[in-house]
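Throughout, protein chains are lettered first and strands after them, A, B, ... in sequence-line order, and every chain is numbered starting at 1. FYI, side chains are in, hydrogens and waters are out, and symmetry mates aren't considered; it's all heavy atoms of this structure.
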Number of protein chains: 2
Amino acid sequence: MSTEEIKGTNSRRTEDIDATCEEFCFNPIAVDYVQKRMLTEKESTLLTEIFKALSSKTRLHILHALSQRELCVCDLSLVLDLSVSAVSHQLRLLKAARLVKYRREGKNVYYSLDDDHVVSLFAYALEHVRHS
Amino acid sequence: MSTEEIKGTNSRRTEDIDATCEEFCFNPIAVDYVQKRMLTEKESTLLTEIFKALSSKTRLHILHALSQRELCVCDLSLVLDLSVSAVSHQLRLLKAARLVKYRREGKNVYYSLDDDHVVSLFAYALEHVRHS
DNA sequence: TGAACGATTGAACAAATGATCAAATGTATC
DNA sequence: GATACATTTGATCATTTGTTCAATCGTTCA
């Protein structure tokens, strides 16, 4: 019997479902409904990329600083009270996520924000945090 | 001399700055300007909490599923194709971040979203990802 | 009360993350 | 070209994260 196939709550999987659903805890209609509206692989990947970029204090401070003014790596390290190297490593991630852009001016490299939408996402979240 | 105190670009700190700024790479006016507008400790803590909660695919899928419908742990494990235990662990985090709430009904525990603002933050981000 | 079952928890472990240090690049100036 | 200096990069290490497994808790129902 199919009920035999589902053993242990820790390893229950979609493939195990069959017609004799009623006897189990789950609501097959709800599961089906939600499953049909799942985020696509691409959507969830893009979303996590954005949120991951925003999910460290260091990067949040970098982004917030750059939202006010273009700054070089050295300036940022002073503002954040962090080593130049640490800042550079984080800028690398933000660059990869296309959240910041840079321009070289002599020996200095100046960073600024690149993605308007993430800026407003950030502002939106900050607004919330400040008024609640 | 004060210039002697600043050695090695990797360990330069705010405290090292003094009047003889001109000889270094940084722009003291910009640093000062940005530093005065820094996020407070509390703000950056709250912001990273929110973004951390949203920065894993599993949690994103959970939140998105719950945004459509209240679901029990078992349902969620089916929708996400993940073990009940893994789902429960993530729900624990989301609960701690006050993003989800739950109610018990018999043997089942039903979860739903708790923070309207994070819901709209999520929707906002999703909207972006879908139209660009 | 005890059997069944949904959910939670803790331990363990692999993978990802973030900072530091040292070394390497790249650019300007002499 | 050599030197100085801003930045980047790679290696390393400690910490955090996410999953699995096994054990436990809580509720229902016979």
Practice problem: Rounded to the nearest angstrom, tell me the gap between atom CG in B:L91 and atom C1' in C:dA7. | Solution: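 In whole Å, C:dA7 C1' and B:L91 CG are 10 Å from each other.
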Quiz item: Going by the angle between their ring planes, with limits at 30° and 60°, are B:F122 and B:H64 parallel, tilted or perpendicular?
Solution: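 It falls in the tilted class, 30° to 60°.
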Verify the cluster assignment for [X] and [Y]: are they in a single hydrophobic cluster under the rule of side-chain heavy atoms below 4.5 Å apart?
| X | Y | value |
| --- | --- | --- |
| B:L46 | A:L121 | yes |
| B:V73 | A:M38 | yes |
| A:Y110 | A:L94 | no |

Quiz item: Quick one, which residues of residues 39-55 of chain B touch DNA chain D with a heavy atom under 4.0 Å?
Solution: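 Of all residues in residues 39-55 of chain B, the ones placing a heavy atom under 4.0 Å from DNA chain D are B:K52.
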Quiz prompt | Stretch residues 104-111 of chain B: residues that reach within less than 4.0 Å of DNA chain D through a heavy atom | solution =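 Contacting residues: B:R104, B:G106, B:K107.
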Quiz prompt | Candidate nucleotides D:dG10, C:dA7, D:dT19, ranked by approach to the side chain of A:R92 - the nearest | solution =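 The answer is D:dG10, which lies nearest to the side chain.
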Self-check item: Nucleotide nearest A:T58 (side chain, heavy atoms from C-beta), chosen from D:dT20, C:dA19, D:dT8
Solution: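 Among D:dT20, C:dA19, D:dT8, the one nearest the side chain of A:T58 is C:dA19.
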Exercise. Output every pair passing ring-ring contact (aromatic ring centres under 6.0 Å, His included) with a member in residues 65-102 of chain B, not counting sequence neighbours, ordered by first then second residue.
Key: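 Qualifying pairs, neighbours excluded: B:Y102-B:Y111.
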Quiz prompt | Donor-acceptor pair under 3.5 Å, B:H89 side chain vs D:dT20 base | solution =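 Check passes, donor-acceptor contact within cut-off.
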Practice problem: Check if the side chain of A:S85 and the base of D:dT8 share a donor-acceptor pair of N or O atoms closer than 3.5 Å. | Solution: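 Side chain to base: no pair present.
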Self-check item: Verdict with supporting geometry, A:K101 and A:S112, side chain to side chain donor-acceptor pair (under 3.5 Å)
Solution: CA-CA 6 Å; A:K101 60 182 182 224; A:S112 55; 4.6 Å; no
Quiz item: Is the CZ atom of A:R37 crowded by more than 12 outside heavy atoms at less than 6.0 Å?
Solution: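 Above 12, so yes.
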